[in-house]
Amino acid sequence: MAVEMYAGIIIDQAHPALDKLFHYRIPREMTEKVQLGMRVLVPFGPGNRGIEGYIISIDRETDIPPEKIKYVKRIMDTYPVILKELIPLIKWMKNEYHCMAIEAIRCFIPPGLRRNIPEKTQKIVFLKIERDLKGKIAQVETRSKYMGEILRILDQGDGIPLTELADMAGGAPLSSFKNLEKRDWISIEDQRVYRDPWDQPLDTIQNNIVHNIEQTTAIDIIGKGMLNPGSIFLLHGVTGSGKTEVYMALVEKTIRKGMGVIILVPEIALTPQTVRHFKQRFGNNVAVLHSRLSLGERFDEWKRIYNGLVKIVVGARSAIFAPMRKLGLIVIDEAHEDSYKSEARPRYHTTGLAIERCREQGATLVLGTATPSLEDYYNSAENRYIRVSMDHRIDNKPLPEVEVVDMRLELKKGNRSVFSQALYDGLRDVLRRGEQAIILLNRRGYAQFVSCRSCGYVVKCKNCDISLTYHAKNNILKCHYCGDTRHYPKECPACKSTYIKHFGIGTQKVEHELNRLLPIARTVRMDMDTTSAKGAHQKILNDFGEGKYDILLGTQMVAKGLDFPHVTLSGVIAADTSLNLPDYRSSEKTFQLITQVAGRAGRGKTKGRVIVQTYQPDHYSIRHASSHDYIGFYHEEIRIREQFMYPPFCHIIRLLISGENERSVIKMATSIEQWIRQRIDNDSLIGKGTIELGAYPAPLEKIKNKFRWHVLIRVNKERIFIERYHEIIDECIKGFTHGAETIAIDFYPTSLL
Ligand code: ADP
Ligand code: ZN
Ligand code: ZN
């Protein structure tokens with residue numbers, strides 16, 4: 001007698017009450033077919049309504065009395081939609097990110113599958129008779145020239161899509177094909193086709209690159225390290241040092257061993273060149289995954305990966321979930337970018353997930369960047385990651401010279417424009433020489449902080465060493481770390497100037513200025529407003545690449561890994577805006593941004609020039625960025641982090657409470673704080689592990705009519721304390737989820753706004 005089998009199923013309903021494993025009996029006739037990771041239909045609830053779920057365990061026994069267990073109704077697909085090797089990640093995500101199991105599962109499933117997007121097929125024509133068709137052609141040609149043409153073409157080779165063949169035969173009608181089919185000379189068969197999102201022509205492959213010594217060394221070290229499953233590398237290479245070539249060589253090594261690769265880029269639309277490089281080198285062996293694809297395209301790319309038809313996936317954040325079976329390598333390019341953090345449930349950080357996935361599948365992880373996050377670099381300093389550095393640009397091209405322009409002096413000289421004399425002159429030179437420029441307006445922290453335009457003084461919190469946030473609503477300044485407030489100063493506390501005000505300008509205003517000052521320049525603006533349409537990014541970047549514009553002006557978007565050889569000048573309008581964000585990472589973000597923008601200039605034959613406008617020219621992040629000195633910056637910043645106990649010296653947990661009723665939001669935030677505080681008081685272990693706990697209004701106090709408060713906890717980094725907090729938060733949240741407010745638990749917040 002065959003043994004009974006039970007399936008542990010996660011129901012496809014995102015509800016906290018249903019967030020557990022439900023057991024179903026597998027009917028005898030299904031036992032041969034059923035597999036872990038399959039999507040099934042099961043009866044659910046008192047009415048036994050059919051509902052979908054996913055099998056994440058199969059057991060021979062269960063504690064539940066057999067008569068209470070219902071049967072699985074139906075298997076939905078012919079294959080497991082979640083790879084069994086990825087199932088452990090679901091549980092891991094649930095614990096690590098405090099999401100429901102079904103929310104984790106949905107990350108692994110293409111949306112097209114759940115909505116049952118049909119497979120696409122096309123008709124293919126095959127010959128059913130022996131070649132050398134001269135006789136047959138003569139036979140039919142008198143009746144129909146089309147039938148003759150079709151046979152003539154098929155005589156050269158068959159297996160041609162019907163629509164193409166009809167075209168080739170000069171517009172042959174379907175009846176001609178039917179006629180030939182009726183004679184049993186040809187057959188017309190349906191074949192599965194994969195929708196291909198890649199719609200751009202590719203140049204011929206130029207594979208004659210000779211790696212330089214730094215590249216060779218990097219490839220060698222990482223290549224050797226790949227024999228050691230689960231290794232993590234930090235590839236710290238200056239902008240233009242040729243990291244992409246290193247990735248390619250590693251990809252080559254990996255696929256030669258029959259293993260797969262996942263390459264992550266911050267945002268596909270902003271990094272079309274990287275994707276293009278991979279498509280060009282590896283052609284059809286590359287699948288591209290990102291959220292701008294249609295459901296059908298996404299599903300088909302997913303299916304090509306699943307079926308093993310491609311070994312390389314290039315994609316944005318969510319491609320970390322790609323169904324690649326024998327995974328050998330994950331590359332995270334521009335690993336410092338914020339877009340690797342998911343701000344929707346599950347709130348994962350891609351690096352954390354990648355580390356776990358590599359561990360699970362025995363793969364190697366490479367984090368590539370010119371400006372590592374403090375955490376990543378610290379991890380390499382502590383030997384948790386293996387660091388490989390590339391300190392020179394390809395062909396020893398110099399890094400561009402960076403000039404820091406002190407905007408306080410400009411003001412003294414009577415220049416109230418957003419452009420300094422130096423930047424204006426620089427742009428004029430670029431135009432005269434027929435070259436190109438990129439101008440970045442740092443929009444992070446738009447109109448948020450208050451500073452003096454005469455001396456550069458920034459209003460900061462006296463307890464926290466963090467700039468105060470301007471609240472237009474009641475015209476006050478507030479610290480979101482400790483809640484301290486103060487009035488808007490009428491004059492600068494440092495120099496008594498009345499030129500103190502909140503800071504912020506928009507890209508539109510800069511564009512307007514630019515058109516006024518340099519009317520002959522052809523300027524294109526790239527920001528949220530101009531890129532909302534599908535393909536808009538691509539078009540702007542293509543046009544700029546083809547020389548249709550002289551100046552590309554934009555927000556952070558223009559600072560990513562673009563490689564335009566004619567750009568010889570990049571300018572930053574207001575480097576300080578991100579410096580004064582109420583965030584412990586503001587110096588880091590500013591350093592990264594300036595370095596990245598600087599990296600856009602001088603990548604071609606002509607030397608590049610960078611102009612950084614700022615009110616704080618002496619700030620260490622601006623100083624070090626302008627001398628291209630990451631290490632110098634790191635040492636200074638890490639000291640401050642240690643002194644104020646910020647990451648990587650502590651772990652921050654953020655609980656964001658939001659809702660339409662301000663009083664209920666505040667009440668919930670403070671009750672949660674009190675609940676946790678009580679825990680701390682009663683538990684000596686966690687008391688020791690807690691550095692700080694508090695409930696404060698979030699800096700963005702109201703978004704879309706919802707009030708926002710957060711509870712911030714700073715925890716000692718040791719695993720034991722963090723584990724403990726996972727439990728505490730889980731327990732705490734259970735008691736607080738009944739109101740109209742939502743609580744977002746973020747164990748890895750990258751933004752505290
Ligand atoms: P990074 O990503 O490190 O900023 P890229 O990978 O974009 O740098 O490389 C910069 C440029 O140098 C690219 O145009 C690339 O094609 C070119 N390049 C890379 N390696 C070599 C090499 N060994 N020889 C010549 N050119 C190279
Ligand atoms: Zn002042
Ligand atoms: Zn404060």
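Read the numbers this way: they start at 1 and go in the same order the structure lists the ligands and their atoms. Side chains are part of it too, since the values below use all heavy atoms of this structure and drop only hydrogens, waters and symmetry mates.
Here His211 has backbone heavy atoms under 4.0 Å from ligand 1, and that is the only part of it that gets that close. When heavy-atom distances to ligand 1 are checked against a 4.0 Å cut-off, Gln215 comes that close only through its side chain, counted from C-beta outward. Residue contacts with ligand 1 for Ile394 involve side-chain atoms from C-beta outward but no N, CA, C or O (heavy atoms, distance under 4.0 Å).
Arg317 has no carboxylate O lying under 4.0 Å from a charged side-chain N of Glu267, or vice versa, which leaves the two without a salt bridge. A salt bridge links Glu301 with Arg304; the closest basic N to acidic carboxylate O contact falls under 4.0 Å. Remark: Arg281 engages Glu245 in a salt bridge, criterion side-chain N to carboxylate O under 4.0 Å.
Here is the list of ligand 1 atoms found below 4.0 Å of a heavy atom in Val238: 3 (O).
Compare Ser241, Gly242, Pro565, Gly368 by their heavy atoms: the one nearest to atom 5 (P) of ligand 1 is in Gly242. With Glu214, Lys243, Arg600 as candidates, the residue nearest to atom 3 (O) of ligand 1 on a non-hydrogen basis is Lys243. One option in Val210, Thr216, Thr239, Asp395 has a heavy atom closer to atom 23 (N) of ligand 1 than any other, and that option is Val210.
The salt bridge (charged side-chain N to carboxylate O under 4.0 Å, His left out) check on Arg432 picks up Asp429, with sequence neighbours excluded. Scanning for ring pair (Phe, Tyr, Trp, His ring centres under 6.0 Å) contacts around Tyr340 gives an empty result, with sequence neighbours left out.
A cation-pi arrangement, defined by a distance under 6.0 Å to the six-membered ring centre and an angle within 45 degrees of its axis, is present between Arg325 and Tyr306.
For Thr274, the heavy-atom gap to ligand 1 stays at 4.0 angstrom or more.
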